Number of protein chains: 2
Amino acid sequence: MPSAEQPNLESLKSAGLKSTSPRLKILALFESGPERHMSAEEVYRLLLASGEDVGLATVYRVLTQFQQAGLLERHNFEGGKSVFELNQGKHHDHIVCLQCGHVEEFYDAIIETRQQNIAAELGFGIRDHSLCLYADCTKIQCPHAGNTQRSTATPSA
Amino acid sequence: MPSAEQPNLESLKSAGLKSTSPRLKILALFESGPERHMSAEEVYRLLLASGEDVGLATVYRVLTQFQQAGLLERHNFEGGKSVFELNQGKHHDHIVCLQCGHVEEFYDAIIETRQQNIAAELGFGIRDHSLCLYADCTKIQCPHAGNTQRSTATPSA
DNA sequence: ACGCAAATGATAATCATTCTCATTTGCATT
DNA sequence: AATGCAAATGAGAATGATTATCATTTGCGT
Ligand SMILES: [Zn+2]
Ligand SMILES: [Zn+2]
Ligand SMILES: [Zn+2]
Ligand SMILES: [Zn+2]
């Protein structure tokens, strides 16, 4: 077989991180797990649930390392705990359901542009920003709305 | 003198909170203190510094009560600690200097409108939102930029 | 002035996260 | 494949922010 193998091993290698079992498991979880946005605790629980044995401290360490390496993004929605997601290179903002915590993503060019302009007007150079809309999705698929379906909402423009 | 007195006593009363010394002091600090945006710890330290004797637990309690009563707003900028500010009824978003932590406020009608539209498109009913721009103010007045002046920037558009 | 529920303050407890350190493991080299 | 060692891990202690407990104090209506 040719050398077009494990992209994860590559990711880790090029990030200067040696490829260990906990790291590969965590990366795999973000790539093909049930949730795109997960807290350290969630990652830990999911790994335990799937029989993997990793320490909570390691999960925290690895998440931080991955974030610093650019593999993951860290968000601080309300509630004091950080959530992470795979960095796909495509910036987006979030809307979080206040009932069930479900996270939806969106991108709006107008808002992004305005942010730049506003910062410029105030004499700041933007380095980062976080926009999070808090809402309740009673109108769509939400466990707390009596519907457990996965949300598939897409902006119809 | 007529009965158009202490608006603070009124605020507390109408919030169902009895007017106590810690509450009045904290409210006064937000109204005429040196900072509009303060964490519990900052409030606590400022009160101690001015000779007042309040417990830290009370500060936390009162801040939460004030927030629930609508007197204060709570924000969760990055860094894991909540900051509070007097609720003036005028919604605004924030830009925080990553160097010195200085907070500047702004309001942009275009962004606000877009948020509404986006949520509507996704089938959510917005209940709240938080937008925070992280930047460094090396271009303006920042202690870390060698200038301690208070910023007075105002968006011109 | 009384009485009592509400409020306070000191401290313990909790929660998320980081640190410590002894043990294990990846990986380059023999 | 065996060796060596720095890097990584895991268990648990430590930290920082915040909340809960509870005995004591205080605001306020009577
Ligand atoms: Zn954005
Ligand atoms: Zn996302
Ligand atoms: Zn806004
Ligand atoms: Zn503000």
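Order of the sequence lines fixes the chain letters, A, B, ..., with proteins taken first and strands second; residue numbering starts at 1 for each chain. What you see below is based on every heavy atom in this structure, not just the backbone, and it leaves out hydrogens, waters and symmetry mates. Not measured: the values here are computed from a predicted model.
Two residues, B:Gly16 and B:Leu56, neighbour DNA chain C, and the one matched to the more 5' nucleotide by heavy-atom proximity is B:Gly16. Nearest-nucleotide positions on DNA chain D for B:Arg61 and B:Leu17 put B:Arg61 closer to the 5' end.
The side chain of A:Lys18 sits closest to D:dA7 out of C:dA16, D:dA7, D:dT19. Picking from C:dC19, D:dA7, C:dT11 the nucleotide with the shortest atom distance to the side chain of B:Ala57 gives C:dT11. Closest approach to the B:Pro22 side chain among D:dT9, C:dG9, D:dT18 is made by C:dG9 (side chain taken as heavy atoms from C-beta onward). Here the nucleotide nearest the side chain of A:Thr64, chosen from D:dT18, D:dT19, C:dT18, is C:dT18.
A:Tyr44 places its OH atom 14 Å from the C1' atom of C:dT17, with the value rounded to the nearest Å. Following rounding to the nearest Å, A:Phe66 (CZ) and D:dT9 (P) show an atom-to-atom distance of 9 Å. Taking atom NZ of residue A:Lys13 and atom P of nucleotide C:dG26, one finds them 13 Å apart after rounding to whole Å. D:dT19 atom P lies 14 Å from atom NZ of B:Lys81, rounded to whole Å. Taking atom OH of residue A:Tyr60 and atom C1' of nucleotide D:dG12, one finds them 15 Å apart after rounding to whole Å. Rounding to whole angstrom units, CD of residue A:Gln68 and C1' of C:dT17 are separated by 14 Å. In this structure, A:Asp53 atom CG and D:dG10 atom P are separated by 6 Å, rounded to whole Å. Atom CG of A:Leu63 is separated from atom C1' of D:dT9 by 14 Å (rounded to the nearest Å).
Ring geometry for A:His75 versus A:His92: interplanar angle of 30 to 60°, hence tilted.
Under 4.0 angstrom from either OP1 or OP2 of D:dT9 there lies no side-chain N or O belonging to A:Ser21.
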If you apply the rule side chain to side chain contact (heavy atoms under 4.5 Å, CB included), what do you find for A:Tyr107 with A:Lys90, and how did you get there?
CA-CA 9 Å; A:Tyr107 176 85; A:Lys90 304 182 202 306; over 6 Å; no

B:Ile26 vs B:Phe84, test: side chain to side chain contact (heavy atoms under 4.5 Å, CB included). Steps then yes/no.
CA-CA 11 Å; B:Ile26 292 174; B:Phe84 298 80; over 6 Å; no

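Backbone-only contact: A:Ser82 has heavy atoms under 4.0 Å from sugar-phosphate atoms and none from a base. Within 4.0 Å of B:Ser19, counting heavy atoms only, lie sugar-phosphate atoms of the nucleic acid but no base atom. Nucleic acid contact for B:Arg23: sugar-phosphate only, since backbone atoms but no base atoms lie under 4.0 Å from a heavy atom of the residue. Residue B:Thr58 is in base contact, counting any heavy-atom pair closer than 4.0 Å across all strands shown.
Aromatic pair B:His91/B:His129: centroids less than 6.0 angstrom apart.
In this structure, a donor-acceptor pair under 3.5 Å is present between the side chains of B:Glu85 and B:His94.
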